[in-house]
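This report refers to the structure that appears directly beneath it.
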Amino acid sequence: MMAEEQERFTKNWLRSKVTSSQGYSVILSARTQTRYCDSEGEVHIFSEPLAARGMSMVVYANTIPDTASRPRSLVAERLVKAFGFAGWKVEIAWE
C-alpha cells in the first residue's frame, strides 16, 4: 500500500494567496471577502476580521455554495487549513 501524500502549502505574500498541493487555493481578496479556487471554479465567500484578536477572522458558511461535487463542509475545512498555514485563526459561523 502507498502512503497518502501529506498536504503541503505555499504562500504568495504579495497576493495574500495560499496554495495547497491538493489543487486548491485561498486568497484574502478584500476586507470582507475570501476567494476559494479549485478544479470546480472560483467561489467568493463573505468573511471578516475579528476585532482585537490579532490575525483572526470569521467565515460565514452560508455564503459557501453547497454542492455534491464541492460540499460546503469540505470548503470550510480547507479554508481553516490554508489560513492556519498562513498564521491566521479562522472561525466558521455555521448559522
Side-chain angles (χ1 to χ4, degrees):
M1 268 203 286
M2 292 180 55
E4 186 175 319
E5 181 182 336
Q6 184 175 0
E7 185 172 15
R8 295 180 318 278
F9 293 95
T10 58
K11 182 166 185 345
N12 180 320
W13 293 99
L14 295 176
R15 295 184 60 211
S16 298
K17 179 179 181 178
V18 177
T19 303
S20 167
S21 61
Q22 293 186 354
Y24 65 90
S25 63
V26 175
I27 302 169
L28 186 58
S29 60
R31 181 169 171 82
T32 60
Q33 188 176 77
T34 297
R35 288 185 352 210
Y36 171 86
C37 304
D38 64 12
S39 62
E40 299 285 320
E42 183 174 289
V43 177
H44 295 265
I45 302 165
F46 184 66
S47 60
E48 59 186 342
L50 295 172
R53 291 209 184 164
M55 295 176 63
S56 298
M57 67 186 318
V58 62
V59 172
Y60 297 96
N62 63 345
T63 66
I64 302 171
D66 192 23
T67 64
S69 60
R70 181 172 46 196
R72 180 177 291 146
S73 60
L74 175 64
V75 174
E77 175 186 323
R78 287 176 166 182
L79 289 171
V80 170
K81 288 194 294 186
F83 279 122
F85 170 79
W88 285 71
K89 292 184 180 180
V90 177
E91 293 179 22
I92 305 295
W94 291 101
E95 294 183 21

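Residue numbers run from 1 in the order of the sequence given. Note that the structure is a prediction, hence the values are computed from the model and not measured.
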Minimum-distance pair of heavy atoms, taken over all atoms of [X] and [Y]:
| X | Y | value |
| --- | --- | --- |
| Ala82 | Phe9 | CA-CE2, 3.8 Å |
| Glu7 | Ser20 | OE2-OG, 2.5 Å |
| Ser73 | Trp94 | CA-CH2, 4.1 Å |
| Asp38 | Arg70 | OD1-NH1, 2.7 Å |

Does any non-hydrogen side-chain atom of [Y] lie less than 4.5 Å from one of [X]?
| X | Y | result |
| --- | --- | --- |
| Trp88 | Leu28 | yes |
| Ile45 | Val75 | yes |
| Asp66 | Pro71 | yes |

Tell me whether Leu74 is reachable from Val59 by hopping between hydrophobic residues (I, L, V, M, F, W, Y) whose side-chain heavy atoms are closer than 4.5 Å. no
Under 4.5 Å between side-chain heavy atoms, counting indirect links through other Ile/Leu/Val/Met/Phe/Trp/Tyr residues: same cluster for Ile27 and Tyr60 or not? no
Taking atom [atom1] of [X] and atom [atom2] of [Y], what is their separation to the nearest 0.5 Å?
| X | Y | atom1 | atom2 | value |
| --- | --- | --- | --- | --- |
| Gln22 | Gln6 | CD | CD | 10.0 Å |
| Glu91 | Met57 | CD | CE | 11.0 Å |
| Glu42 | Ser25 | CD | OG | 8.0 Å |
| Phe83 | Ser56 | CZ | OG | 12.0 Å |

Working for side-chain contact (heavy atoms from CB on, under 4.5 Å), residues Thr19 and Asn12: CA-CA 8 Å; Thr19 303; Asn12 180 320; over 6 Å; no
side-chain contact (heavy atoms from CB on, under 4.5 Å) between Tyr24 and Lys81, worked out: CA-CA 11 Å; Tyr24 65 90; Lys81 288 194 294 186; 3.9 Å; yes
Residues that Glu40 engages under side-chain hydrogen bond (donor to acceptor under 3.5 Å, both in side chains), provided they are two or more places apart: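 Checked Glu40 against side-chain hydrogen bond (donor to acceptor under 3.5 Å, both in side chains); matches are Ser69.
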Consider side chain to side chain contact (heavy atoms under 4.5 Å, CB included). Of Val43, Leu79, Thr63, which one does Thr34 pass it with?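 With Thr34 as partner, Val43, Leu79, Thr63 yield a single side chain to side chain contact (heavy atoms under 4.5 Å, CB included), made by Leu79.
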